[in-house]
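Start at 1 and go down the list; that is how both ligands and their atoms are numbered. The figures here come from the full heavy-atom set of this structure, side chains too, leaving out hydrogens, waters and symmetry mates.
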Amino acid sequence: MARNKAAKKSERGWFITFEGGEGSGKSTQIRHLKKTLEKKGFDVLITREPGGSAGGEAVRHVLLTGAAEPFGSEMEAILFSAARSDHVETIIKPALEAGTVVLCDRFLDSTRVYQGVTGDVDMEFLKKLEEIACEDCWPDLTLVLDIDPSEGLKRAKERRAEGEAADRFEREPIKLQRRRRKAFLDIAKQEPERCVVIDASGTEKSVRTAINSAVKKHMRSASPGHMNLRHDSQAVAKAGAS
Ligand code: TYD
């Protein structure tokens with residue numbers, strides 16, 4: 001991948017993850033951010049979890065149809081992490097090493113929230129899975145798109161093509177979605193160096209503006225890869241404490 005002027009300034013590319021509940025508008029906003037960064041001269045790659053790589057996409061199908069659900073949240077956590085490991089190894093790491101900005105739709109916080117907080121999987125166990133899957137690819141910046149779950153589910157429903165079924169996680173009760181919202185906000189509070197909460201209830205344009213300014217501010221104050229050095233191995237344990 002050709003390195004451009006902006007990418008050359010830093011040896012490693014930025015790793016930015018998007019997190020949040022169902023229908024919070026992550027995919028739309030990722031596309032907007034890609035355009036903004038490209039205008040500034042960065043090479044940008046959009047990817048997603050579960051999926052993003054050949055191995056990851058194979059596991060995605062098993063997870064989202066609910067085929068793995070009967071085997072429990074721990075099994076699902078292992079599968080999400082297996083998909084992540086392949087994704088990091090084959091897609092994310094090579095892109096970051098080439099100086100590309102990687103924008104990833106969901107990453108490790110989704111496992112902490114969905115499998116950890118609402119799936120009751122032990123946080124110490126998740127921490128070990130994270131360390132295996134992420135290697136030295138900890139997100140530099142995580143944008144938590146925050147929206148009331150009833151509004152988010154409404155948006156997700158509108159977005160689905162006619163006849164398309166909700167996935168295994170979208171079908172879950174609103175009470176669970178509310179606990180997830182709180183869990184994402186708790187992570188953001190515990191890791192302010194990495195996470196920025198974005199109010200996703202506004203217009204597409206207002207959310208885009210908020211994201212652009214958060215990214216700009218972060219890029220000015222940190223350098224890519226900074227979370228690898230500062231990765232707080234206690235953070236995942238703390239996420240489970242609330
Ligand atoms: P998807 O349709 O890709 O995305 P979204 O809801 O972000 O529009 O669905 C992915 C689902 O998988 C979503 O409900 C969250 C869930 N998930 C986990 O439970 N654990 C994980 O580690 C990840 C990455 C996703």
Side-chain angles (χ1 to χ4, degrees), residues 15-31 46-53 55-69 71-88 91-92 102-123 125-134 137-139 142-147 149-161 164-174 176-181 183-184 187 198 200 207 236 239-240:
F15 184 22
I16 303 176
T17 58
F18 281 67
E19 298 278 6
E22 314 295 328
S24 53
K26 297 185 300 313
S27 325
T28 308
Q29 293 299 336
I30 285 179
R31 286 195 298 273
I46 291 183
T47 188
R48 67 168 180 183
E49 290 210 346
S53 63
E57 291 294 332
V59 178
R60 177 183 174 90
H61 179 72
V62 174
L63 285 161
L64 296 197
T65 54
E69 194 179 356
F71 307 108
S73 294
E74 197 166 289
M75 167 82 142
E76 287 183 317
I78 293 169
L79 289 173
F80 275 113
S81 303
R84 178 161 307 134
S85 171
D86 186 67
H87 189 205
V88 165
I91 305 289
I92 298 177
V102 176
L103 305 180
C104 190
D105 192 341
R106 296 194 183 279
F107 197 62
L108 53 86
D109 299 300
S110 284
T111 315
R112 293 180 187 180
V113 169
Y114 284 73
Q115 282 66 53
V117 176
T118 58
D120 285 333
V121 177
D122 177 54
M123 288 291 170
F125 178 70
L126 290 187
K127 191 170 93 179
K128 287 188 192 122
L129 291 179
E130 281 184 4
E131 273 156 14
I132 295 166
C134 298
C137 287
W138 300 96
T142 297
L143 298 161
V144 176
L145 269 56
D146 180 53
I147 192 163
S150 49
E151 176 60 23
L153 287 172
K154 202 174 113 209
R155 289 186 185 185
K157 195 175 166 196
E158 283 163 6
R159 196 190 55 195
R160 274 197 302 276
E164 192 190 332
D167 71 38
R168 172 239 178 291
F169 297 97
E170 279 174 351
R171 288 195 296 266
E172 287 177 329
I174 189 87
L176 214 53
Q177 315 283 1
R178 295 216 166 92
R179 282 182 64 206
R180 287 179 184 146
R181 179 190 196 187
F184 277 122
I187 292 175
I198 303 287
V207 178
V236 63

Closest to atom 6 (O) of ligand 1 among protein heavy atoms sits Glu22 OE1, 2.9 Å
Shortest protein contact, atom 11 (C) of ligand 1 (heavy atom only): Leu64 CD2, 3.6 Å
State plainly whether the residues Glu131 and Lys127 are in salt-bridge range, i.e. N to O under 4.0 Å. no
Quick check against the 3.5 Å criterion: does Arg60 have a side-chain atom that pairs as donor or acceptor with the backbone of Pro50? yes
Distance from atom 16 (C) of ligand 1 to nearest protein heavy atom, with residue and atom: Phe169 CD1, 3.7 Å
Tell me if a side-chain donor or acceptor on Arg106 pairs with a main-chain N or O of Gly20 at a distance below 3.5 Å. yes
ring-ring contact (aromatic ring centres under 6.0 Å, His included) against Phe15, all qualifying residues, sequence neighbours excluded: Phe107
Quick one: which of Met75, Glu69, Glu74 gives a side chain to side chain contact (heavy atoms under 4.5 Å, CB included) with Phe71? Met75
Which residue owns the protein heavy atom closest to atom 22 (O) of ligand 1, what's the atom, and how far is it? Thr111 OG1, 2.5 Å
Please state which protein non-hydrogen atom is closest to atom 20 (N) of ligand 1 and give its distance, to 0.1 Å? Gln115 OE1, 2.8 Å
Nearest protein heavy atom to atom 8 (O) of ligand 1, by residue and atom, and its distance? Arg159 NH2, 3.8 Å
Considering only the protein, which heavy-atom contact is closest to atom 25 (C) of ligand 1, and what is its distance? Phe80 CE2, 3.5 Å
Ligand-residue contact atoms, ligand 1 with Glu49, heavy atoms, under 4.0 Å: 24 (C)
Quick note on ligand 1: atoms under 4.0 Å from a heavy atom of Lys26 include exactly 5 (P), 7 (O)
What distance separates Ile78 CD1 from Thr111 OG1, expressed to the nearest 0.5 Å? 12.0 Å
In the protein, which heavy atom is nearest to atom 9 (O) of ligand 1, and how far is it? Asp167 OD2, 3.5 Å
Please enumerate all residues that pass side-chain hydrogen bond (donor to acceptor under 3.5 Å, both in side chains) together with Glu19, with sequence neighbours excluded. Ser110
Mark up the atoms of ligand 1 that fall under 4.0 Å of a heavy atom belonging to Ser110, in ascending order. 20 (N), 21 (C), 22 (O), 23 (C), 24 (C), 25 (C)
Touching ligand 1 at all, Arg84? Heavy atoms, strictly under 4.0 Å? yes
Touching ligand 1 at all, Arg60? Heavy atoms, strictly under 4.0 Å? yes
Between Lys157 and Glu22, is there a side-chain N and carboxylate O pair less than 4.0 Å apart? no
Heavy atom of Arg48 under 4.0 Å from ligand 1? no
Taking the side chain from Arg180 and the backbone from Thr118, do they hold a donor-acceptor pair closer than 3.5 Å? no
Got a second to check how far Leu108's CG is from Leu129's CG, nearest 0.5 Å? 11.5 Å
Hey, does Glu170 come in under 3.5 Å of ligand 1, counting only N/O atoms on both sides? no
Shortest reach to atom 5 (P) of ligand 1 by a heavy atom, considering only His87, Arg106, Arg180, Arg168: Arg106
